[in-house]
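In what follows, a structure is listed as structure tokens, so that the remarks can point back to it.
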Protein chains: 2
Amino acid sequence: MDVAAAAGVSKSLVSLALRGEHGVSEATSARILAAAERLGYRSNMLARGLVQGRTMLLGVLLTDLANPYHTEVVSGVEESAEERGFTVLLAHGRRDRSRLTRQLDALLQLNVDGVVVVSSWLEPEVLAAAARRVPVVMVGRPEAFAPGVDTVANDDRAGAEAAVRHLADLGHERIAHLAGTGRPASRARAAGYRETMRALGLAGRTAVHGVGDPVRGRDRAAAALLGEGHTAVFAVNDLAALAVLDRAHEAGRAAPGGVSVVGYDNTSLAETVRPRLTSVDQPRLVMGRLATGLLLERMGGRTGERHEVLTPSLVVRGSTAAPPRGTTG
Amino acid sequence: MDVAAAAGVSKSLVSLALRGEHGVSEATSARILAAAERLGYRSNMLARGLVQGRTMLLGVLLTDLANPYHTEVVSGVEESAEERGFTVLLAHGRRDRSRLTRQLDALLQLNVDGVVVVSSWLEPEVLAAAARRVPVVMVGRPEAFAPGVDTVANDDRAGAEAAVRHLADLGHERIAHLAGTGRPASRARAAGYRETMRALGLAGRTAVHGVGDPVRGRDRAAAALLGEGHTAVFAVNDLAALAVLDRAHEAGRAAPGGVSVVGYDNTSLAETVRPRLTSVDQPRLVMGRLATGLLLERMGGRTGERHEVLTPSLVVRGSTAAPPRGTTG
DNA sequence: ATCCGGATCTGGAACGTTCCAGACGCGTTT
DNA sequence: AAACGCGTCTGGAACGTTCCAGATCCGGAT
């Protein structure tokens, strides 16, 4: 180590001084720090990790950087990780399962101390294998997903219920649901919609349109649904809600006067589109922080799985209002 | 190494077999791979990096994950890095300069083989210090920014010119500019606007409103600007353009009939808002690929700085049209 | 004068790889 | 029979840290 030579001490002492351990005299410490500064020295995390057996790194694996839902979860992870002295590294699968698997592998090879997976694209076995080496938390799936993997998720049924009840409170009865693909979150939202309609005595009004193809299907389903005379739509996510807003606008039934629309996820979209979209908000920041907490618990020796489910909240904006007069009943 | 014991060979041979080097007999290799598979063995990148002096890791440092402009650049970096066998790790500054500096430090300590900085928040000295240890490319600043740091950027003047000429071609003369904060990109776009107005013989029509405060100022400036009877607005970015669209809608001059609006950056916003926003598109994917290329060149021994400037293109959508009759002149 | 204890500092082992020089066995050439 | 070359395999050095046992020095207590 050049710093040791420059300061005229042993490498051991340089290590102690740079880490601020006590047992190094004031004068020597100053000399060492000055030398390190002058030489632009930075300790080598690879070597440190090798000898210590831990890296103080947390890895976050995400499917899709462009998905604004994910990024806030990441912020929550980062905040809490930072408070505890961890550094967060992100790896990115770009909507490709094999790439995602490779990235997970890279994180493991780096010997990260824990992994937060913000994606439901990975096979359970892959995740379970990872969990055998290092704590793994998955964000976004409510149920047990893979052995040894903790989960953090929002309560999709409760979110759907909040959305439907809000519409019912406004006076709507003909409330339709624009459903998503067959993923678990979509299914839970649809189930929550059905249950709430039943609980409200509106079982007979239940109407679910599936998106099917995620891009084209959205517009078609939205159009079909509007043709049926519903006064309100609960959409599986904000993008689907946007499709409804657009079709409604074209059909001369712009929200909220012509039709009320509720989205899910409260993405930035909800605040840029007009009218501003009423949407179910997942506590993403809290979910991220919770994920870090679960990782640390496991590092602390906890065994067994934990599955945290958080209750989302409804953010009311301009896309919902009372139904047009004369349409009730 | 347990794999060595399990396969009954030396650790050296395990290393050779797992890397697929020749000089290992077929039979032994199979036995080693089987043992590794069975034990779930993964090589330790820390140790490998330590002995090889390189990690095959590229670090990408970004200010803000939520900024959709950045994420596509990242995809470009990833694509090209992957083709060359590198793994890309992302570090995230969350709009905080000191955090950004810490994250850069973490990447350096990890001994990444190169760093792509997608942020203009770092001080030049910090970047220059990093560049003394490892190749660094900065994306988003056209000019030399810090000694030893290559740059990749789009030509903001050319982008502004394309936007203004498009509006002029449609018949607009009263074209105003909604300017951004004092950052170099904003300044270059404003300069491009002014130059093009002059070149078109419209110097007398030049009108620039500054945003000032990035959130509230946007709406105020948009409103002020609409009050002056301009028929078209070139906004410094898509968010500013959105503010104009909203104010115009409120004032009964909805785009494109009432006023034409052009944004910059062609973010996903441009495709979700209505009317769809005409916007200047930076070749972000190409910029990312180019950044990787510059890193590799430098690893290959190139010295001196390179500064690449790419030409953006205009994506015409529904927010621009000919001016209302009777407003010209 | 001797011993003790604390503060300060040092040298070598260890971490898990890769790299390198060389060992071993075996068939072929001289 | 000896020498050589090749394919296969091994053991130790090296990478840059941290950790640990212990060395050295000095002042104060015995």
Side-chain angles (χ1 to χ4, degrees), chain A residues 1-37 39-57 85-87 105-113 133-134, chain B residues 1-36 39-57 85-87 105-113 132-134:
Chain A
M1 194 174 343
D2 336 353
V3 178
V9 295
S10 71
K11 60 182 171 51
S12 307
L13 200 57
V14 171
S15 175
L16 290 174
L18 288 178
R19 281 177 296 150
E21 301 280 324
H22 62 276
V24 184
S25 77
E26 200 90 356
T28 319
S29 178
R31 194 152 37 92
I32 293 174
L33 294 181
E37 174 70 28
L39 299 176
Y41 171 79
R42 279 183 162 97
S43 75
N44 183 328
M45 175 180 287
L46 303 178
R48 184 166 357 121
L50 197 56
V51 57
Q52 290 193 334
R54 79 205 148 88
T55 49
M56 296 303 279
L57 291 174
F86 286 87
T87 298
D105 227 63
L107 289 177
L108 294 181
Q109 287 191 21
L110 249 183
N111 274 25
V112 295
D113 292 340
R133 301 194 60 206
V134 79
Chain B
M1 197 178 333
D2 337 352
V3 178
V9 296
S10 73
K11 59 182 171 50
S12 306
L13 200 57
V14 171
S15 176
L16 290 175
L18 289 178
R19 282 177 295 150
E21 301 281 325
H22 61 276
V24 183
S25 76
E26 201 92 353
T28 318
S29 179
R31 193 152 37 92
I32 293 175
L33 293 182
L39 297 175
Y41 171 79
R42 282 184 159 95
S43 75
N44 183 328
M45 174 180 288
L46 302 179
R48 182 164 2 117
L50 198 55
V51 57
Q52 291 194 333
R54 81 208 146 86
T55 49
M56 296 303 278
L57 290 173
F86 286 87
T87 297
D105 227 65
L107 289 177
L108 295 181
Q109 288 191 21
L110 250 183
N111 274 26
V112 295
D113 291 341
R132 261 176 258 130
R133 301 196 58 206
V134 78

Please list, pair by pair, any protein nitrogen or oxygen found under 3.5 Å from a nitrogen or oxygen in nucleotides 5-8 of chain D.
none

Query raised in the report: Which residues satisfy the side-chain hydrogen bond (donor to acceptor under 3.5 Å, both in side chains) test with A:Ser10, sequence neighbours excluded?
Result: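 Listed in chain order: nothing, the list is empty.
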May I have the distance from [X] (atom [atom1]) to [N] (atom [atom2]), rounded to whole angstrom?
| X | N | atom1 | atom2 | value |
| --- | --- | --- | --- | --- |
| A:Asn111 | D:dT18 | CG | C1' | 16 Å |
| B:Leu16 | C:dC19 | CG | P | 9 Å |
| B:Glu21 | D:dC9 | CD | C1' | 14 Å |
| B:Tyr41 | C:dT17 | OH | C1' | 7 Å |
| A:Leu108 | C:dT17 | CG | P | 14 Å |
| A:Lys11 | C:dC15 | NZ | C1' | 13 Å |
| B:Leu18 | C:dT17 | CG | P | 9 Å |
| B:Asp2 | C:dC15 | CG | C1' | 14 Å |

Requested in this report: With side chain to side chain contact (heavy atoms under 4.5 Å, CB included) as the test, would you mind laying out the steps for B:Arg48 and B:Met56 before giving the verdict?
Outcome: CA-CA 10 Å; B:Arg48 182 164 2 117; B:Met56 296 303 278; over 6 Å; no
Query raised in the report: What pair of heavy atoms forms the shortest contact from B:Ala36 to B:Val3, and how long is it?
Result: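 Nearest heavy atoms, B:Ala36 then B:Val3: N-CG1, 3.9 Å.
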**Report entry** Closest heavy-atom pair and its distance - B:Val24, B:Ala17
**Finding:** CG2-N, 4.1 Å
Could you check whether any side-chain heavy atom of [X] comes within less than 4.5 Å of a side-chain heavy atom of [Y], counting everything from C-beta outward?
| X | Y | value |
| --- | --- | --- |
| B:Ser15 | B:Arg19 | yes |
| A:Asn111 | A:Gln52 | no |
| A:Leu57 | A:Met45 | yes |
| B:Arg31 | B:Val9 | yes |
| A:Phe86 | A:Asp113 | yes |

Query raised in the report: Between A:Leu18 and A:Val14, does a side chain to side chain contact (heavy atoms under 4.5 Å, CB included) hold up when you go through it step by step?
Result: CA-CA 6 Å; A:Leu18 288 178; A:Val14 171; 3.8 Å; yes
Requested in this report: Verify the contact: side-chain N or O of B:Arg31 to OP1 or OP2 of D:dC9, cut-off strictly under 4.0 Å; return yes or no.
Outcome: no
Query raised in the report: Quick one: is D:dT17 close enough that its OP1 or OP2 comes under 4.0 Å of any side-chain N or O from A:Gln52?
Result: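 No, no such contact exists.
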Query - Residue list, salt bridge (charged side-chain N to carboxylate O under 4.0 Å, His left out) with B:Arg42, at least two apart or on another chain - result: A:Asp105
Requested in this report: Would you mind reading off the bend of the helix from C:dA1-D:dT30 to C:dT30-D:dA1 from its two end axes, five pairs each, to 10 degrees?
Outcome: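 What I find for the helix from C:dA1-D:dT30 to C:dT30-D:dA1 is an axis angle of 80°.
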**Report entry** Pair B:Ser25-B:Thr28, side-chain donor/acceptor within less than 3.5 Å
**Finding:** yes
Query raised in the report: Would you say the side chain of A:Ser12 and the base of C:dG11 hold a donor-acceptor pair, judged only by whether the two atoms sit under 3.5 Å apart?
Result: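 Pair found.
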**Report entry** Contact list for DNA chain D against residues 43-51 of chain B - heavy-atom distance below 4.0 Å
**Finding:**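 Going residue by residue through residues 43-51 of chain B, the ones with a heavy atom under 4.0 Å of DNA chain D turn out to be B:Leu50, B:Val51.
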Any protein N or O atoms within reach of nucleotides 22-26 of chain C? Criterion: under 3.5 Å, listing atom names and distances.
none

Report task. Could you walk me through whether A:Thr55 and A:Leu110 pass the side chain to side chain contact (heavy atoms under 4.5 Å, CB included) test, one step at a time? Result -> CA-CA 8 Å; A:Thr55 49; A:Leu110 249 183; over 6 Å; no
